[in-house]
Amino acid sequence: MATSCDATAVPFTLLGALLTAGPAAWPACVGGGRAFLRDYAQRGTNALLWAGLIAATWVLVLRVNALLRLWALGSRIPGPHALLADPGLAAVLRTGGDITGFLSKLHGCYGPVVRLWLGPSQLLVSVKEPNLIKEVLTKAEDKLQLTGRTYTLVCGRLDLFISSFQKVQDRRESLKAFLDKKLTTDGGRGSLKIIDVVLGRIRSISSDFVDSRSFSQHMAFNIIGATLFGDAFFDWSDAAAYEELLMMVAKDGCFWASYSVPPFWKPGYRKYRTLCAKLQILTQGVIRKSRDQYTTLSHFDQTSFQRNEGMIKDPRGGVLDGTTSCHGAAEGSLSSEEEICGNIMGLMLHGISTCATLISNILTYVVLSPKLQDQLYVDIVAVCKEESSELNVDDLLRMRYLLATVCESARLSPAGPLLQRCSLKHDLTIESGITVPAGAVLVVPLHLVQMDNSIWGNDASQFNPQRLLGKDADLEEMLGLPKSSNGFNFHPGSVKTQSFLPFGSGSRACVGQKFVILAISMLIASLLRNYEVRPHPGLSEEMDSAAGGSSFHHLPNPKITFIKRGI
């Protein structure tokens with residue numbers, strides 16, 4: 001029996017030990033089977049700890065290198081001399097101050113491109129000059145990751161509202177094709193039905209007066225619902241409950257999604273997740289109802305698209321045809337039913353917020369300016385001379401003043417003060433020679449751009465639809481229409497056109513821009529054609545003082561009523 005502990009006798013590996021005749025054949029210095037296994041476990045544990053330490057060190061080195069690179073590139077962009085985080089911006093955010101005014105001062109000091117540090121690893125770059133904005137928005141194709149987390153939290157797993165542009169490009173094309181088709185098939189008939197449904201609901205639950213914001217939300221909810229679900233939506237008994245729940249969920253989505261780790265220990269979070277689950281159940285219910293009635297959703301789960309180089313070859317399918325067939329297998333097992341439900345909830349959330357804000361702005365201007373309402377009515381009647389005729393898109397495109405009114409309302413009151421984009425993987429180098437590092441938050445201060453006196457005139461902060469009918473504005477391009485399709489004859493590529501950004505621009509511009517503007521224009525035309533919109537009698541004094549200035553920012557939510565014309 002071997003008594004020496006030379007290299008050939010000691011089984012240093014578990015495999016070597018197992019290949020021997022057993023513990024009895026191991027050298028005495030091994031100490032028996034248990035001692036060997038204990039020694040082997042110690043060696044293995046040490047090896048794993050070393051491997052983990054090396055991996056963690058490597059990750060930290062990469063993070064530190066990325067952070068140093070962010071600091072190096074960020075320091076080359078003009079901006080305040082703050083080391084890690086700008087104290088001025090932090091103070092503005094803490095007090096809920098005017099971030100637009102703060103950015104205006106910085107742009108005045110440092111030029112059209114300004115950088116701000118939101119934290120040691122968070123860089124914000126603000127761009128104001130129109131030509132640079134167009135370039136940046138074309139190159140920055142991704143959305144902030146918080147956006148994707150918010151929609152995922154509220155809607156479940158979905159693939160239409162995620163940050164990476166490459167993963168949603170085909171779906172965006174499919175959605176745009178569907179929305180464009182809906183404009184030509186529904187027309188004024190759908191608008192009249194929406195108006196009747198909303199007014200009937202208001203009169204059944206309250207007095208004749210309603211605030212502009214609530215009415216606009218109801219209208220937006222029915223526009224998006226009817227677009228997605230067809231006539232089945234109008235007969236849905238849970239529509240009112242669904243709208244209320246949807247608004248509750250939308251209110252706190254960004255707040256809960258801002259947590260890096262879901263705060264399961266917070267009762268408020270658990271209650272919020274319960275509301276989201278209930279919303280998903282209601283969405284699945286209306287999907288089944290719509291399918292049963294053979295409306296547009298009967299085509300939503302078809303996956304027989306013919307694609308070539310990422311482009312949809314058959315645009316006749318439903319809005320979600322292209323959202324359930326491309327990346328599901330690559331990103332994990334996910335049924336088409338889950339995708340459809342999540343994507344529809346995302347469309348409802350996004351579409352309602354956009355449409356409601358714009359409708360409310362238009363109604364505020366209309367109700368507080370009788371001259372504007374009269375001029376719009378004349379514009380509408382001049383095109384629709386027969387009272388019984390239904391409005392269509394061709395009629396709408398001839399109502400130039402109405403379209404200009406909608407666009408002017410969108411210009412003055414965008415959905416938010418900042419248009420936000422980012423590039424998740426690649427640095428962006430713009431013509432001015434500035435390099436924006438990957439992961440930096442790119443923002444466009446919309447109020448500064450869309451109310452710039454040097455672009456829009458000295459009355460840029462006032463409501464004046466006529467400014468969009470001049471030769472220096474391209475209303476066709478603002479609407480996303482083909483050139484010369486509606487008789488407009490404006491100069492393309494104008495500065496005003498490049499500075500009109502309520503729906504974004506470039507690669508990630510809103511695919512529903514044309515649909516939203518034309519659908520809301522159709523709705524307003526149908527409403528003013530059949531009803532006169534009047535303010536609450538208590539607003540008469542404020543209205544008289546406000547109408548002369550064409551600026552109603554101090555009356556954001558007037559009470560309104562609707563009087564049937566011809567009575």
Side-chain angles (χ1 to χ4, degrees), residues 142-176 178-179 221 224-225 227-230 232-233 236 238-239 241-243 245-258 262 269 272-291 295-303 305 317-354 508 510-512:
D142 302 319
K143 284 191 174 182
L144 302 181
Q145 293 177 326
L146 177 61
T147 303
R149 291 201 303 269
T150 301
Y151 280 103
T152 301
L153 173 65
V154 175
C155 309
R157 293 186 62 185
L158 76 170
D159 53 11
L160 185 59
F161 293 91
I162 53 181
S163 299
S164 174
F165 177 75
Q166 293 181 347
K167 295 181 180 180
V168 299
Q169 188 172 8
D170 289 346
R171 297 162 177 76
R172 287 167 53 84
E173 293 291 337
S174 175
L175 178 59
K176 186 177 186 303
F178 172 80
L179 293 176
F221 175 73
I224 304 302
T227 300
L228 295 178
F229 305 109
F233 184 76
W236 187 30
D238 292 327
Y242 187 82
E243 179 185 352
L245 183 59
L246 194 69
M247 294 301 100
M248 291 173 58
V249 168
K251 181 180 178 181
D252 297 326
C254 286
F255 171 75
W256 293 116
S258 64
Y269 178 78
Y272 184 79
R273 293 294 296 152
T274 301
L275 294 178
C276 293
K278 184 177 179 180
L279 188 64
Q280 292 175 11
I281 293 173
L282 289 177
T283 305
Q284 293 167 357
V286 71
I287 289 175
R288 288 192 296 270
K289 179 179 178 63
S290 184
R291 284 201 179 109
T295 53
T296 56
L297 275 179
S298 63
H299 302 288
F300 275 12
D301 54 359
Q302 295 177 0
T303 57
F305 276 117
V319 62
L320 299 180
D321 286 347
T323 68
T324 61
S325 59
C326 294
H327 297 284
E331 297 178 358
S333 176
L334 182 65
S335 70
S336 61
E337 294 295 326
E338 288 176 297
E339 290 184 352
I340 290 170
C341 180
N343 287 328
I344 285 179
M345 290 174 61
L347 288 172
M348 293 290 287
L349 286 168
H350 184 71
I352 291 173
S353 62
T354 303
R508 203 78 187 235
C510 178
V511 296

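This is a predicted model, so every value here is computed, not measured.
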Are Phe229 and Lys289 side-chain neighbours, meaning at least one heavy-atom pair lies under 4.5 Å? no

Looking only at heavy atoms, which two atoms of Gln280 and Val154 are closest? And how far apart? NE2-O, 3.6 Å

Taking every non-hydrogen atom, the tightest pair across Phe161 and Leu347: CE1-N, 3.5 Å

Backbone N/O of Asp170 and side chain of Ser174: donor-acceptor pair under 3.5 Å: no

Out of curiosity, Ile162 CD1 to Lys143 NZ, how far, rounded to the nearest 0.5 Å? 11.0 Å

Taking Ser290 for the side chain and Val286 for the main chain, is one N or O donor matched with an acceptor at less than 3.5 Å? no

Using 0.5 Å steps for rounding, measure from the SG atom of Cys155 to the CD atom of Glu338. 13.0 Å

Between the CZ atom in Arg273 and the CH2 atom in Trp256, the distance rounded to the nearest 0.5 Å is 12.0 Å

Using the test side chain to side chain donor-acceptor pair (under 3.5 Å), find all partners of Tyr242 that sit at least two apart in sequence or belong to another chain. Thr283

What pairs with Ala239 under side-chain contact (heavy atoms from CB on, under 4.5 Å), at least two apart in sequence or on another chain? Phe221, Trp236

So which atom in Gln145 and which in Ser163 form the shortest heavy-atom distance, rounded to 0.1 Å? CA-OG, 3.2 Å

When rounded to the nearest 0.5 Å, the distance separating CG of Leu158 from OG1 of Thr152 is 5.5 Å

Donor-acceptor check, side chain of Thr354 to backbone of Gly351, threshold 3.5 angstrom: yes or no? no

How far does CZ of Arg149 sit from OG of Ser258, to the nearest 0.5 angstrom? 8.0 Å

Counterpart residues, side-chain contact (heavy atoms from CB on, under 4.5 Å), relative to Val511 (two or more places apart): Arg172, Leu175, Lys176

Between Arg508 and Asp142, which heavy-atom pair has the shortest distance, and what is it? NH1-CA, 3.8 Å

Counting C-beta onward and ignoring hydrogens, is there a side-chain heavy-atom pair between Lys278 and Ile281 closer than 4.5 Å? no

Could you state the interatomic distance from CE (Met345) to CG (Leu228), rounded to the nearest 0.5 Å? 12.5 Å

Is there a donor-acceptor pair under 3.5 Å between the side chain of Arg171 and the backbone N or O of Leu160? no

Which heavy atom of Thr150 sits nearest to which heavy atom of Ala257, and what is that distance? OG1-CB, 3.4 Å

Counting C-beta onward and ignoring hydrogens, is there a side-chain heavy-atom pair between Leu246 and Leu349 closer than 4.5 Å? yes

Is any side-chain heavy atom of Tyr272 less than 4.5 Å from a side-chain heavy atom of Leu153? yes

Of the non-hydrogen atoms in Met348 and Ile224, which two are nearest, and what is the gap between them? SD-CG2, 3.5 Å

I'd like to check Glu243 versus Ile352 (side-chain heavy atoms, cut-off strictly below 4.5 Å). Are they in contact? no

